[in-house]
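Single-structure report; data block below.
Fair warning: this is a prediction, and the values are worked out from it, not measured in the lab. Naming convention: chains lettered A, B, ... in sequence-line order (proteins, then strands); numbering from 1 in each chain. Just so it is clear, the values below take in all heavy atoms, side chains as well, and ignore hydrogens, waters and symmetry mates.
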2 protein chains.
Amino acid sequence: MADAQPLKPTDAELEVLQVLWQNGPSTVRFVNDELNKTKEVGYTTTLKIMQLMTEKNMVRRDESNRSHVYEPLLKEEATQKHLLDKFLDSAFRGSASRLVMQALGNHQTTPEELNQIRDLLNKLEGGTK
Amino acid sequence: MADAQPLKPTDAELEVLQVLWQNGPSTVRFVNDELNKTKEVGYTTTLKIMQLMTEKNMVRRDESNRSHVYEPLLKEEATQKHLLDKFLDSAFRGSASRLVMQALGNHQTTPEELNQIRDLLNKLEGGTK
DNA sequence: TTGCAACTACGAAATATTTCGTATATATTT
DNA sequence: AAATATATACGAAATATTTCGTAGTTGCAA
């Protein structure tokens, strides 16, 4: 057996996933270089994390070339949803609206994005103006 | 020295803080009982966590009675903001709007709350309709 | 005044996660 | 062909976090 659960990735695993989601299937070398743009981390450290992720079926490894290529098996949206649920519970006691208010209040958002959100609100309110 | 940093509480610490934020200064016994409504956890485990939190200045301990009373030193809002920032970065690569859309989409929110959010949107857009 | 119940202190084990050194294999360059 | 660069595998140390047993106190009830 072996299934791609919507497991909760650890912090280090999530960082790797972000690189893969953003850039598609990549080698350890590439991922490690990306990570090093932000923080210092050894090559074998990244390698190890990705090996563990392979065992957990979070990524799939293509070994046809000497440099293995890793592809994410977890979907970005599904994983975000999963993490959001947990975060909402633990940090906001489940109050989505409070989280949303904080997120909108503390971070700059473009008018376009605000409009998208407004559209969503309209849909949610069932057209109520 | 010793200051009440907006430190990142661990999961266990956050659970304790939620109880304190929601109920005000409490004893270990009370906190432990609350936690046990959700999951099983030993009394001394909770005690230990709260002792560590005291050392980290996340809570203050009143020892005047035999049962010590713990009061949160971290503010709920500030802590949420801190955690949200981190979460936004790690899970949504900083895109507040994507997080908001997901949060609104996946969780039921009352019309009143939606209106609150709409008001906030209006303010943020600077009145642009 | 004895004994039980409820507390705190504290060390240490159990887990979970991250980090990296070393060995070894395989390309590539000179 | 030798030296050098680049990969993977793997064990194990370093950290971080959680969990709990045990010892010792104190309050209270029988």
Going by atom types only, do Asp62(A) and Ser64(A) share a side-chain donor-acceptor pair under 3.5 Å?
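Yes, because at least one side-chain N or O of Asp62(A) sits under 3.5 Å from a partner of the opposite role on Ser64(A).
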With a 4.0 Å heavy-atom cut-off, tell me which residues in residues 83-91 of chain B come close to DNA chain C, sorted by residue number.
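None, since no heavy atom is under 4.0 Å.
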Please list residues of residues 14-42 of chain A whose heavy atoms come under 4.0 Å from any atom in DNA chain C, ordered by number; otherwise none.
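Under 4.0 Å from DNA chain C: Gly42(A).
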Pairwise N/O distances under 3.5 Å, protein to nucleotides 21-30 of chain C:
| residue | atom | partner | partner atom | Å |
| --- | --- | --- | --- | --- |
| dT26(C) | O2 | Arg66(A) | NH1 | 3.4 |

With a strict under 4.0 Å distance from non-hydrogen atoms of chain A, what nucleotide opens and what nucleotide closes the contacted stretch of DNA chain D, reading 5' to 3'?
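Terminal contacting nucleotides, 5' to 3': dT6(D) to dA12(D).
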Qualifying residues under side chain to side chain donor-acceptor pair (under 3.5 Å), relative to Thr38(B), sequence neighbours excluded:
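If we apply the side chain to side chain donor-acceptor pair (under 3.5 Å) test to Thr38(B), skipping adjacent residues, there are no hits.
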Please enumerate all residues that pass side chain to side chain donor-acceptor pair (under 3.5 Å) together with Glu113(A), with sequence neighbours excluded.
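In terms of side chain to side chain donor-acceptor pair (under 3.5 Å), with neighbours along the sequence ignored, Glu113(A) is linked to Thr110(A), Ser97(B).
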Hey, mind stepping through Leu14(A) and Thr10(A) against side chain to side chain contact (heavy atoms under 4.5 Å, CB included) and telling me if it holds?
CA-CA 6 Å; Leu14(A) 191 52; Thr10(A) 66; over 6 Å; no
Spacing of Met50(B) atom CE relative to dT8(C) atom P, expressed in whole Å
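Value for this atom pair: 9 Å.
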Under 3.5 Å, sequence neighbours excluded: what are the donor-acceptor pairs made by side chains of residues 20-28 of chain A?
| residue | atom | partner | partner atom | Å |
| --- | --- | --- | --- | --- |
| Trp21(A) | NE1 | Leu74(A) | O | 2.9 |
| Ser26(A) | OG | Gly24(A) | O | 2.6 |
| Thr27(A) | OG1 | Phe30(A) | N | 3.1 |

Please identify each residue that fulfils salt bridge (Lys or Arg N to Asp or Glu O under 4.0 Å) with [X], with sequence neighbours left out.
| X | answer |
| --- | --- |
| Glu55(B) | none |
| Glu71(B) | Arg60(B) |
| Arg29(B) | none |

Qualifying residues under side chain to side chain contact (heavy atoms under 4.5 Å, CB included), relative to Asn106(B), sequence neighbours excluded:
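Partners of Asn106(B) by the side chain to side chain contact (heavy atoms under 4.5 Å, CB included) criterion, ordered by chain and then number, come out as Lys81(A), Gln102(B).
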Cationic N near anionic O, under 4.0 Å, Arg61(B) to Glu63(B)
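A salt bridge links Arg61(B) with Glu63(B).
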I need the Gln80(A) CD to Phe87(A) CZ distance, nearest 0.5 Å.
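Reported to 0.5 Å precision, the distance equals 13.5 Å.
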Hey, what do you get for CZ (Arg98(A)) to CG (Leu88(A)), rounding to the nearest 0.5 Å?
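Result: 9.5 Å between the selected atoms.
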Distance-only donor-acceptor pairs under 3.5 Å for side chains of residues 39-50 of chain B, two or more places apart:
| residue | atom | partner | partner atom | Å |
| --- | --- | --- | --- | --- |
| Lys39(B) | NZ | Glu15(B) | OE1 | 3.0 |
| Thr46(B) | OG1 | Asn32(B) | ND2 | 2.6 |

Indicate, with a heavy-atom threshold strictly under 4.0 Å, whether Gln51(A) touches base, sugar-phosphate, or nothing.
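Base contact - Gln51(A) has a heavy atom under 4.0 Å of at least one base atom.
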For Tyr43(B) and for Lys48(B), find the nucleotide of DNA chain C with the closest heavy atom, then tell me which residue's nucleotide is more 5'.
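Counting from the 5' end, the first nearest nucleotide belongs to Tyr43(B).
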